[in-house]
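The structure appears right after this line, and notes come after that.
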Amino acid sequence: MPAPSPEDGAIRFVDAGGVRLRTSVRGSGPPLLLITGLGASLDLGVPFERELAARGLQAISFDAPGIGRSSPYRWPPRMPGIARTVERVLDALGYDSVDVLGVSLGGVIAQQLAHQAPHRVRRLVLAATGPGLGGLPGSPHVLLSLATPRRYYQPDYYRRIAGRVYGGAARRDPDALLHGSPARFIERPTPRGYFGQIYAITGWTSIPWLRTLRQQTLVLAGDDDPIVPVINGRILAWCIPGARLHVVRGGGHLFLLERPAEIAALVAGFLATAGVDPAQPGQARPIV
């Protein structure tokens, strides 16, 4: 099978324990699984994925259940159940283990996956995320704007709240984060999928076991992130043994979309130099 090109990801639907999920594989090289944030389809990460693929990484992504073109769970699981779904995605695509990058809610899922299935996660990149309970939440006014998926359904509403909610470049030009694509408002979360994600994260925390993580970890945090204040990145970096912290100056919650080339270069550099713990052999089977 020819390697997927950096420009066009190879789209495939897979069964993952009773849900039908849309997946994308882009480029060739060491596999890096991207786990998106609350309500976000894989389409939103395409500019960042292209930059990763251009730097010799294979970017793997998927629509979470009930998001974009993926079917919803019959019954919404808690966070361990979501991590098991991610394992089934890897099984269906033919990967034993991968490097994992999680952003926002995706960073929570990445932490859970690294904890409960450490043999599947080689290196870990945690972006714009925190430890859940025990971290510092964003302001209630900002978090209230995330209580519904309205910002994915109404472009005018997104533009009105983006600066206040996402910070960073969105304060100046919310449309810049769209990269000319209408995908945000087309591949939307279903209410069932969106509220299922909120249910999964409610009451979750990684504080009790962060010190047991063995993966080499890079923590990325924007210093203008109203949703996940930068202190949460410092907490993760302090609790995870040997973790590296990089603060994106002026970066908002969506700094991966504000500066895709810069952040992709940072991630590629980390993965090129970080070792793999002997417990994570890092073998990836070919895509079937």
Does the side chain of [X] reach to within under 4.5 Å of the side chain of [Y], using non-hydrogen atoms?
X: Pro155; Y: Arg159; answer: yes
X: Ile60; Y: Leu93; answer: yes
X: Arg184; Y: Leu178; answer: yes
X: Val100; Y: Ile109; answer: no
X: Ser181; Y: Val46; answer: no
X: His115; Y: Ser206; answer: no
X: Val267; Y: Leu220; answer: yes
X: Pro65; Y: Leu21; answer: yes

Minimum heavy-atom separation for [X] and [Y], please, with both atom names.
X: Gly134; Y: Ile207; value: CA-CG1, 4.2 Å
X: Asn232; Y: Gly130; value: CB-CA, 3.9 Å
X: Pro229; Y: Gly138; value: CD-N, 3.9 Å

Inset, instruction - Would you kindly check if the NZ (Lys) or CZ (Arg) of Arg22 is within the cone defined by 45 degrees around the ring axis of Phe62 and under 6.0 Å from the six-membered ring centre? - result: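 Pair Arg22/Phe62 does not count as cation-pi.
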Legend entry - cation_pi(Arg188, Tyr152) dist<6.0 Å, angle<=45: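 Pair Arg188/Tyr152 does not count as cation-pi.
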Polar side-chain atom of [X] near backbone of [Y] as donor-acceptor pair, under 3.5 Å:
X: Ser97; Y: Arg120; answer: no
X: Thr190; Y: Gly66; answer: yes
X: Gln112; Y: Val108; answer: no
X: Gln58; Y: Gly27; answer: yes
X: Gln111; Y: Pro131; answer: no
X: Asp99; Y: Arg122; answer: no
X: Ser61; Y: Leu42; answer: no
X: Ser70; Y: Gly68; answer: no
X: Asp224; Y: Gly251; answer: no
X: Arg192; Y: Tyr73; answer: yes

Please determine whether residues [X] and [Y] belong to a single hydrophobic cluster, defined as Ile, Leu, Val, Met, Phe, Trp and Tyr linked transitively by side-chain heavy-atom distances below 4.5 Å.
X: Trp238; Y: Leu245; value: no
X: Phe48; Y: Val103; value: no
X: Leu143; Y: Leu254; value: yes

Approximate separation, where rounding is to 0.5 Å, of [X] [atom1] and [Y] [atom2]:
X: Ile240; Y: Trp209; atom1: CD1; atom2: CH2; result: 8.5 Å
X: Arg172; Y: Glu258; atom1: CZ; atom2: CD; result: 7.0 Å
X: Tyr153; Y: Phe185; atom1: OH; atom2: CZ; result: 12.5 Å
X: Arg50; Y: His179; atom1: CZ; atom2: NE2; result: 10.5 Å
X: Arg26; Y: Glu49; atom1: CZ; atom2: CD; result: 5.0 Å
X: Arg164; Y: Ile227; atom1: CZ; atom2: CD1; result: 10.0 Å

Inset, instruction - Going by the side-chain contact (heavy atoms from CB on, under 4.5 Å) test, name the single residue among Ile67, Ile198, Ile201 that passes it with Leu38. - result: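 Going through the options one by one, the only one that passes is Ile198.
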Inset, instruction - Could you tell me whether Arg74 atom CZ has more than 12 heavy atoms of other residues or ligands within 6.0 Å of it? - result: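 No, the 6.0 Å shell around CZ holds no more than 12 heavy atoms from other groups.
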